[in-house]
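Whatever order the structure lists ligands and atoms in, that order sets their numbers, starting from 1.
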Amino acid sequence: MISVRDDLRALQGYHSAQVDVRIRLNTNESPEPPPTAFRDAMAAEVSNIEWNRYPDRAAVALREAIAESHSVDVAQVFVANGSNEVLQTVLLAYAGPGRTVATFEPTYQLHAQIARVTGATVVEGQRADDFTLDPNEVERVITGSQPHVVFLTSPNNPTGLVEPMERVRQILDLAPGLVVVDEAYAQFSDWSALELIDEDTPMVVTRTFSKTWSMAGARLGYLIGPSWLVAELDKVVLPYHLDAVKQIAGRLALRFASDMDDRVRQTVAERTRISSTLADLGTTVFPSGANFVLFRPDGHEGRAVWQGLVDRSVLIRDCSGWPRLANCLRVTVGTPDENSAFLDALGEVLADRSTRLQLSLQTSSETSLETSQNGADQ
Ligand SMILES: *Cc1c(COP(=O)(O)O)cnc(C)c1O
């Protein structure tokens, strides 16, 4: 029987538990649906689609709307089915066999995953214990491996940390190839690498409609970058990859930017409330510029705390078995009511002695979690 490519055999797929619970705060979506006016406008336009015809291959109207929203040229915009497909297209064009891709761990696991699927070699730099990126480590990795593509995620997932502009500039100075800044959560932070984009800089910034725009169901993402690079991506991506419905959805969503800004403000306020309550509950909280918070319930077993929350019908992300993230959990900022339910449930779980970490148990449980869960679970 035919077997899969040798280099893919050891690769694990992407996993995210989808448990049936009342409160789902595990995948960083917006807790609210798009505005009603968006749904109405969408329904009206969808009824006029010419279903027998292929969609606009270049998605011109959508690209123009995105370009206008960022004050860039339409030729600097590339759109695909979720920012994951944007990243895949970038890696098909600029990574592949014989090429090297650098990441700084822990970070979004799909960067390394997609790079490996294209056949590239991945070099993993390591963040410091507080998950900041040390300039010496940046220099060691980039000068040492001369990567064709370097990934940064800002704010980083799953840590929430915003990369300072000087770190992006340092990487641009050192990198011999392309720099990709994944800004899936940029609207929740206070600066964007978009201001560094120009035709002479080999850098792209990727964005998504999945998180801020309440449109995870539509699968739509894009990048802003030099027009010569966008032209290469247009060659690589499949013809007519963006269906007509999605092109309409993205274009109409951008008309509701001020509704989106209001939601972002509420999310940021709730993030502050969650972070300070988590600290009051005695957990270690990592500073976040995103719509989620990473925390470590010190003195408790992370996996048991996660299970205790599931038992109370609250689902968050269990990162406790991921490399470098022992005992860490990640919660998405939801509606104020959902957040209060999460915090109340966590208070109960932490008051319950059964999740306490026993010293004799600590080593063996962490080891077994790491061997069973190690991999691409993000
Ligand atoms: C969620 C996420 C994405 C995925 O975005 P899609 O547009 O839904 O494919 C990309 N990058 C990061 C860092 C994410 O957290």
Side-chain angles (χ1 to χ4, degrees), residues 13-18 24-31 34 59 62 66 77-92 101 103-115 117 127 131 133 149-163 168 179-189 192-194 204-225 233 237 241-243 246-247 249-250 253-254 260 264 267 271 286 288-294 316-317 319 322 325 328 330-333 376-378:
Y14 175 90
H15 303 286
S16 177
Q18 293 200 308
R24 283 169 44 179
L25 301 173
N26 65 327
T27 42
N28 300 343
E29 297 132 316
S30 169
L62 173 58
I66 293 170
V77 180
F78 174 78
V79 191
N81 294 284
S83 60
N84 285 333
E85 192 185 47
V86 173
L87 298 169
Q88 184 187 52
T89 311
V90 168
L91 289 166
L92 284 172
V101 174
T103 63
F104 295 96
E105 304 293 323
T107 189
Y108 188 50
Q109 217 45 48
L110 275 173
H111 296 155
Q113 169 91 4
I114 301 170
V117 169
R127 293 170 174 278
F131 302 131
L133 191 45
V149 180
V150 179
F151 275 103
L152 266 190
T153 313
S154 181
N156 193 17
N157 179 8
T159 64
L161 201 113
V162 179
E163 217 60 74
V168 181
V179 178
V180 179
V181 185
D182 184 336
E183 289 197 346
Y185 304 97
Q187 289 94 340
F188 304 103
S189 77
S192 162
L194 275 175
V204 298
V205 170
T206 64
R207 292 283 182 101
T208 177
F209 281 78
S210 298
K211 314 287 162 60
T212 326
W213 290 98
S214 301
M215 295 238 303
R219 309 302 300 127
L220 188 59
Y222 61 94
L223 71 69
I224 309 290
L233 301 182
V237 78
H241 67 299
L242 278 186
D243 65 73
K246 186 171 327 210
Q247 294 191 31
L254 294 172
M260 191 269 273
V264 167
T267 299
R271 181 182 75 203
F286 296 92
S288 171
N291 66 341
F292 56 83
V293 179
L294 186 77
I316 65 171
R317 204 67 189 263
C319 314
W322 300 358
L325 293 167
C328 289
R330 189 193 71 192
V331 61
T332 302
V333 179
D377 189 329
Q378 191 80 352

Which pairs of nitrogen or oxygen atoms, taken one from ligand 1 and one from the protein, are under 3.5 angstrom apart?
unit_1: ligand 1; atom_1: 5 (O); unit_2: Ser83; atom_2: OG; d: 2.9
unit_1: ligand 1; atom_1: 7 (O); unit_2: Ser83; atom_2: N; d: 2.6
unit_1: ligand 1; atom_1: 7 (O); unit_2: Ser83; atom_2: OG; d: 3.1
unit_1: ligand 1; atom_1: 7 (O); unit_2: Thr208; atom_2: OG1; d: 2.5
unit_1: ligand 1; atom_1: 7 (O); unit_2: Ser210; atom_2: OG; d: 3.4
unit_1: ligand 1; atom_1: 8 (O); unit_2: Ser210; atom_2: OG; d: 2.6
unit_1: ligand 1; atom_1: 8 (O); unit_2: Arg219; atom_2: NH1; d: 2.7
unit_1: ligand 1; atom_1: 9 (O); unit_2: Ser83; atom_2: N; d: 3.2
unit_1: ligand 1; atom_1: 9 (O); unit_2: Asn84; atom_2: N; d: 3.0
unit_1: ligand 1; atom_1: 9 (O); unit_2: Asn84; atom_2: ND2; d: 3.2
unit_1: ligand 1; atom_1: 9 (O); unit_2: Arg219; atom_2: NH2; d: 2.9
unit_1: ligand 1; atom_1: 11 (N); unit_2: Asp182; atom_2: OD1; d: 3.2
unit_1: ligand 1; atom_1: 11 (N); unit_2: Asp182; atom_2: OD2; d: 2.7
unit_1: ligand 1; atom_1: 15 (O); unit_2: Asn157; atom_2: ND2; d: 2.8
unit_1: ligand 1; atom_1: 15 (O); unit_2: Tyr185; atom_2: OH; d: 2.6
unit_1: ligand 1; atom_1: 15 (O); unit_2: Lys211; atom_2: NZ; d: 3.3

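- Applying the salt bridge (Lys or Arg N to Asp or Glu O under 4.0 Å) test to Arg24 and every residue at least two apart in sequence or in another chain returns nothing.
- Judged by distance alone, the side chain of His241 and the main-chain N or O of Val79 form a donor-acceptor pair under 3.5 Å.
- Here salt bridge (charged side-chain N to carboxylate O under 4.0 Å, His left out) pairs that include residues 204-215, with residues two or more places apart or in two chains, are Glu183-Arg207.
- For Glu163, the salt bridge (Lys or Arg N to Asp or Glu O under 4.0 Å) test picks out Arg127, with sequence neighbours left out.
- Between the side chain of Lys246 and the main chain of Asn81, no donor-acceptor pair closer than 3.5 Å is present.
- Counting only N and O atoms by type, the side chains of Arg330 and Asn157 include a donor and acceptor under 3.5 Å apart.
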